[in-house]
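The structure appears right after this line, and notes come after that.
Note that the coordinates shown come from a computational prediction; the quantities given were computed from them, not determined experimentally.
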2 protein chains.
Amino acid sequence: MSERDDAPTAATGGSKAPTIYDVARAAGVAASTVSRAFARPGRVNAVTAERIRRLAAELGYRVNPLASGLPTGRTSMLALVVSDVTNPFYAEIIRGAESAAAEAGFVLLLIDAQESDRVERASLERALPAVEGLVLAGTRLSDSAIRMTAKQRPVVVLNRDVADVPSITLDNPHGMLVTAEHLARLGHRTVTYVAGPAASWADGMRLRSLREAATGLDMRVQRVGPFAPTVAGGREAADALPEDLPTAVVAYNDQLAIGAMLALQARGVRVPEDVSMVGFDDIFPTRIVRPGLTTVAAPLRAQGRAAVDALLSSRGNPAPRTGKPMTLPVKLVVRDSTAQARRTRRPSS
Amino acid sequence: MSERDDAPTAATGGSKAPTIYDVARAAGVAASTVSRAFARPGRVNAVTAERIRRLAAELGYRVNPLASGLPTGRTSMLALVVSDVTNPFYAEIIRGAESAAAEAGFVLLLIDAQESDRVERASLERALPAVEGLVLAGTRLSDSAIRMTAKQRPVVVLNRDVADVPSITLDNPHGMLVTAEHLARLGHRTVTYVAGPAASWADGMRLRSLREAATGLDMRVQRVGPFAPTVAGGREAADALPEDLPTAVVAYNDQLAIGAMLALQARGVRVPEDVSMVGFDDIFPTRIVRPGLTTVAAPLRAQGRAAVDALLSSRGNPAPRTGKPMTLPVKLVVRDSTAQARRTRRPSS
DNA sequence: CTGAAAGCGCTAACAC
DNA sequence: GTGTTAGCGCTTTCAG
């Protein structure tokens, strides 16, 4: 009992962190036994294992993930790449990914591309050798660059379909279908789509899906854009709308919708009386803006979680099951930004 | 030139990542020379160094940060702890920290405490041995737990003053002073402070500062709370306000202010005509809410950046200059949520 | 200026 | 079950 007192407890600090050898010496066993006691509890005498763990705790020993990662390649780290941490869209994805990672005993490296190729490549380069896999939630990398990365480490791409790389996307077609139906039901005959980034896979997908859905409902869709997927981009979009305002606007994402709505309101246009607005994603701000934004809600947190789960389960599996992309369901959340279409100003011919 | 063609370029992938030995062999030098060529370019013949680097690039060699961190302790990783990634308040801090880290060639480990001690401790435990320092931007740890952590690795705490640990705070007194002055100028004689988390250092600081400032201006301040520092918390706060509404409300942060404002508006109270509202931080949503929220703007991004700069510069410095906390300036941003005080309903006695 | 050799802390065969 | 022995990839004396 007395050695307990002077044993530096957990973080008594100062001196160097105890190593596996310190524990081994204290327990009177070989280092490999200590290692086993932590990694393969089954493979070691239950009572010694227990003693070792107790001693380790007393000494404040923690396995050094770097050191254990060297020989095994198992670093217990995952990287998450987003194009802009500041974008609330990513907040939920990060949360989902981080908590799934933490639950599995993994740590998350956050890479913020800051909307810049250069920054992204450099950070990725640095993180790559250290991680066991990566989630590309928002990336500027080309498909081929992504494929190269995927050859070095397991990769899961979000909201983008890259051949031969596992991906998790949203059910954009369904989202656009229910949006179109909702609008049609309200009497809208024509809708303007405010496009997001030109290079965005999701943007192309959404426009196409909206067009298809509209066709079946005998609605017309026109497009303005592309715009940066931000509130500022949305403000610009408002200026790009045709003089003769459409009765309904569907934006690539919530920020664009919010920006456009704000700009429109600033010039006296009423939402939803004059124009109905629909966003996509259901980020938090849709709830604090007035009127509340009708939007296609995406299970962002689940998406982040699913991404790391996929990464984790792919570990060891020889075949990186690169089947069809996994698709997550979305649903329309109707708030106050959509309403009955006003009578069209434009003469019917 | 011909060996250039079959040398696997950058990420041609497949085989294992090239090691320093592969480069050494290709260059016909010892591994130690390759190491020097990267780490201490001065200590090696300029032309061989150049040749080594070229070869390394051709082979797609990258130093493995884990391996190099083992013998040196320099892992090029920093950890950032936030209590809730989902909180826009942290978005800017993360951005600032991440970019400063990236510029210095560091990678950032993100730890989301999810408002839970347990989660935070566990994640911290895991990350600690791997990082060269940590920024505690939002933590539930006790002061003493923080001090213990600080003994193991350099730590910088944000928005909290922990004895013996470097910290970076905002100029709360000044923020509250200008807020009080602004309100006094508009004729408000009494203001209600909506308090944030009970345990928050910043909350106590703000309330105290507001009280002091108010005293000098002959204003009265009452307090309601504590509340969770979220929009939902703000909605609750609205219900806790005295029946006879104050003419001005100052909230611990923007989210609380926004939540309170929305709840008040929902029950027909006009902002700012009936009550003026002031927030703190100037997170993005203050700009999309109606009316725009008057708030004390904090240089969040700069704060994140300053934190990692402090960590980086403390490396190697023997004395972890644990002087007085660094304080960042704030300024009042006046938008539309504050206006002339309505005549007080309450009879003057 | 460069090579050889000894580890960093941990794991993984391989013996006993 | 447990100890021994090699390394993982890189850095760092220490010689030359």
Between [atom2] of [N] and [atom1] of [X], the distance in whole Å:
{"X": "A:Arg40", "N": "C:dT11", "atom1": "CZ", "atom2": "P", "result": "9 Å"}
{"X": "B:Ile20", "N": "C:dG3", "atom1": "CD1", "atom2": "P", "result": "12 Å"}
{"X": "B:Tyr61", "N": "D:dG9", "atom1": "OH", "atom2": "C1'", "result": "7 Å"}
{"X": "B:Arg43", "N": "D:dT12", "atom1": "CZ", "atom2": "P", "result": "11 Å"}
{"X": "A:Arg51", "N": "D:dG1", "atom1": "CZ", "atom2": "P", "result": "15 Å"}

### Task
Would you mind classifying the nucleic acid contact of A:Val34 as base, sugar-phosphate or nothing, using non-hydrogen atoms under 4.0 angstrom?
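Nothing, no heavy atom under 4.0 Å.
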
Below 4.0 angstrom, N of the basic side chain to O of the carboxylate: do [X] and [Y] qualify?
{"X": "A:Glu115", "Y": "A:Arg140", "result": "yes"}
{"X": "A:Glu50", "Y": "A:Arg53", "result": "yes"}
{"X": "A:Glu132", "Y": "A:Arg74", "result": "no"}

### Task
Would you please indicate if the ring centroids of A:Phe38 and A:Tyr61 are separated by under 6.0 Å?
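Judged by ring-centre distance (under 6.0 Å), A:Phe38 and A:Tyr61 do meet the cut-off.
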
### Message
Using five pairs at each end of the helix from C:dC1-D:dG16 to C:dC16-D:dG1 to define an axis, what is the angle between those two axes, to 10°?
### Response
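Between the first-five-pair axis and the last-five-pair axis there is 30°.
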
Within the sub-3.5 Å range, which N or O atoms of nucleotides 13-16 of chain D have a protein N or O partner, and how far apart are they?
unit_1 : atom_1 : unit_2  : atom_2 : d
D:dT13 : O4     : B:Arg36 : NH2    : 3.4

### Query
What parts of residues 121-133 of chain B reach DNA chain C, counting only heavy atoms under 4.0 Å away?
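Of all residues in residues 121-133 of chain B, none places a heavy atom under 4.0 Å from DNA chain C.
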
### Query
Are A:Tyr21 and D:dG3 close enough that a side-chain N or O sits under 4.0 Å from OP1 or OP2?
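For A:Tyr21, the contact criterion (side-chain N or O under 4.0 Å from OP1 or OP2 of D:dG3) is not met.
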
